[in-house]
There are 2 protein chains.
Amino acid sequence: MTYGVIGTWRMAYEGVGKAYELLKRNGKTGDAVEQLVNTVEDYPYYRSVGYGGLPNEQGNVEMDAAFMDGDHLAIGAVAGIQNVKHAVSVARKLSHEHFNSFRVGDGATQFAKESGFEMGNMLTPEAKRIWQNRLTEVQKKDLNPYDGHDTVGAVTLDVNGSMTAATSTSGLFMKKPGRIGDSPLSGSGFYVDSEIGGATATGLGEDIMKGCLSFEIVRLMGEGKTPQQACDQTVYQFAEKLKRRYGKVGEISLIAMNCKGEWGVATNVEFTFSVGTEKQQPSIFMALPGPKRTTSIKPVTKEWLADYERKLKSPIK
Amino acid sequence: MTYGVIGTWRMAYEGVGKAYELLKRNGKTGDAVEQLVNTVEDYPYYRSVGYGGLPNEQGNVEMDAAFMDGDHLAIGAVAGIQNVKHAVSVARKLSHEHFNSFRVGDGATQFAKESGFEMGNMLTPEAKRIWQNRLTEVQKKDLNPYDGHDTVGAVTLDVNGSMTAATSTSGLFMKKPGRIGDSPLSGSGFYVDSEIGGATATGLGEDIMKGCLSFEIVRLMGEGKTPQQACDQTVYQFAEKLKRRYGKVGEISLIAMNCKGEWGVATNVEFTFSVGTEKQQPSIFMALPGPKRTTSIKPVTKEWLADYERKLKSPIK
């Protein structure tokens with residue numbers, strides 16, 4: 001039996017590293033995915049997940065997260081939760097419930113508090129400044145206020161053949177209060193079946209949920225497609241369909257891993273991701289839509305990484 | 001071009017009748033499905049939808065609803081919304097937004113209020129009495145508090161070939177605050193594509209979302225299966241899978257209609273539904289799981305209907 005981990009974006013890299021070490025030492029898939037996502041949630045420079053995440057239009061950080069256990073198909077999810085350090089850990093706890101396993105708004109926050117999860121203000125001074133600047137910009141220039149919706153999503157496989165998928169996000173920057181995207185929605189933001197594989201999504205949730213893309217990728221892997229074939233077929237066909245039917249399509253990127261530790265990615269924008277398997281040390285790759293419904297995937301360059309780091313830590317005006 | 005309407009449960013019947021009349025007179029699919037669901041939401045004797053719906057464990061009526069436009073794949077949804085007369089109408093309005101089209105909790109209620117939807121207390125004195133009785137029962141007898149989760153879901157097809165799906169529910173009786181089920185979740189509680197057909201679900205949402213059953217039924221119809229074949233294949237295979245993988249499976253019932261006005265149903269419990277097509281006046285049927293992954297469907301008997309009516313209106317102790 002082998003092991004593996006894949007996560008969305010450059011930001012998953014440090015968490016992928018931790019999950020990788022855990023899985024290598026026969027750690028459990030659920031612990032690995034939670035530790036991965038917690039690492040991203042904790043890092044204040046990531047503006048779209050957990051601490052440091054950008055707030056809604058009223059200045060409140062509202063978070064969505066989910067956890068799916070691929071052995072039992074058990075799901076836990078939260079949406080519009082506030083003031084909790086690790087939304088994905090709340091989702092994991094809810095996945096043990098047969099009833100009431102998806103909770104939203106104040107009820108979700110209340111559950112986290114009562115269950116003893118670490119609570120606290122998730123709005124950093126930097127995130128607040130970005131929000132204030134954006135408010136001014138939008139007023140002055142009559143801009144579309146929405147920008148940035150990078151979910152951390154991950155799939156892990158342990159040496160016992162168990163798989164897990166998880167997501168966590170502060171959602172669309174400047175969203176309306178209570179807006180939720182695909183990240184906490186089974187089949188759209190995530191899906192995993194240990195006998196087949198798993199997938200998670202990032203991008204414009206409103207569009208991803210129109211196609212149940214994570215479920216469809218897992219289904220295709222179940223029919224024998226490789227993760228890359230399943231991702232390519234699902235993402236590019238759906239993006240074309242939505243363009244034709246809805247008139248436009250937002251950003252859509254998906255990652256997948258099957259129960260053999262093989263992985264795949266498809267995207268309609270520039271998209272980085274982080275992956276580690278028994279055959280491959282944790283690495284960061286860049287994916288771009290290629291010709292004829294394929295995906296072009298390359299290791300990220302040193303220049304790209306240096307530029308990313310510089311932008312990440314550049315002072316907020 | 002033909003027309004048709006199908007809705008979950010006996011309770012959809014009066015609404016199905018109204019939608020049927022509208023569709024027969026070349027009315028639009030979206031108006032038909034909204035009127036259908038509004039009719040159920042308004043009726044105080046239905047304990048699981050809209051006015052008269054049973055509350056959560058704290059005595060508050062929290063509602064979930066969704067609306068999907070099968071021409072454009074546009075979706076609007078609300079969850080954990082309170083004090084709004086017609087949750088499905090709020091969902092329909094949200095389906096016109098590209099961003100912020102799914103809203104939960106206070107943010108959803110706020111949106112309804114600001115948008116001028118009719119607001120009001122949804123807890124009837126009868127529903128309150130049932131809740132109080134249940135609280136006492138649960139305390140005295142250490143019962144599982146959860147019971148009753150009948151969503152109204154419907155699919156409509158108009159003479160222009162446009163299709164819509166919608167759902168509305170007050171969710172699981174005695175649920176924890178903020179608990180949401182499958183009804184507002186794309187692919188799980190509902191899905192529709194006018195070029196193929198639509199489906200909606202009712203039952204234990206926590207289990208339905210483990211399988212994205214509405215999406216899967218529509219997908220199978222897209223492969224050429226009849227609605228009945230698609231429902232049978234999806235529901236019975238999934239119920240067996242969940243039993244094997246999760247150890248148990250809750251109540252699951254699905255209805256479907258394709259773009260030719262043909263329909264199908266599958267269920268793992270006794271399940272009534274209401275349907276009307278160009279070939280068939282609005283009627284109420286009873287479905288039961290049959291042998292070898294099939295569904296046994298018969299018109300409901302006069303005795304069943306009389307008994308239903310009697311129970312519905314019997315005084316609350």
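Within every chain, numbering begins at 1; the chains are lettered A, B, ... in the order of the sequence lines, protein sequences first and strands thereafter.
Side-chain contact check for A:Arg179 versus B:Phe99: every heavy-atom pair is 4.5 Å or farther apart. Proximity of B:Val104 to A:Glu62: side-chain heavy atoms (C-beta onward) are nowhere separated by under 4.5 Å. Here the side chains of A:Phe102 and B:Asp182 are not in contact, with every heavy-atom distance at 4.5 Å or above.
Separating the CG atom in B:Asp193 from the CZ atom in A:Arg245 is a distance of 4.0 Å, to the nearest 0.5 Å. Note that CG of B:Leu73 is 6.0 Å distant from CG of A:Leu242, once rounded to the nearest 0.5 Å.
Chain B forms more heavy-atom pairs under 4.5 Å with one residue of A:Glu206, A:Glu216, A:His98 than with any other, namely A:His98. For chain B, the option among A:Gln58, A:Gln110, A:Met209, A:Lys175 with the highest count of heavy-atom pairs below 4.5 Å is A:Met209. Taking chain B as the reference chain and counting heavy-atom pairs below 4.5 Å, the highest number among A:Ala108, A:Gly80, A:Ser101 is found for A:Ser101. Interface remark: of the candidates B:Pro177, B:Gly105, B:Ser194, B:Gly187, B:Pro177 forms the most heavy-atom pairs closer than 4.5 Å to chain A. Of all the listed residues (B:Val78, B:Asn56, B:Ile75, B:Asp69), the one sharing the greatest number of non-hydrogen pairs under 4.5 Å with chain A is B:Ile75. By number of non-hydrogen pairs under 4.5 angstrom with chain B, the leading residue of A:Ala77, A:Gly211, A:Gly181 is A:Gly211.
Within a 6.0 Å sphere centred on NZ of A:Lys93, heavy atoms belonging to other residues, nucleotides or ligands number 12 at most.
Remark: B:Glu240 pairs with B:Arg293 by the salt bridge (Lys or Arg N to Asp or Glu O under 4.0 Å) rule, at least two apart or across chains.
With a 4.5 angstrom heavy-atom cutoff, B:Leu94 does not touch chain A via any of its atoms. If you measure heavy-atom distances from B:Phe111 to chain A, you find no contacts under 4.5 Å at all. If you measure heavy-atom distances from B:Leu185 to chain A, the contacts under 4.5 Å come from the side chain alone. Of the atoms belonging to B:Asn100, heavy atoms from both backbone and side chain fall under 4.5 Å from chain A.
When all heavy atoms of A:Tyr246 and B:His72 are compared, the pair lying nearest together is CD1-O, 3.3 Å. Looking at every heavy atom in both residues, A:Lys210 comes nearest to B:Met68 through O-CE, 4.4 Å. B:Ser186 approaches A:Ser188 most closely through the heavy-atom pair O-OG, 4.3 Å.
A salt bridge is absent between B:Glu97 and A:Lys176; no separation between the charged side-chain nitrogens and carboxylate oxygens falls under 4.0 Å.
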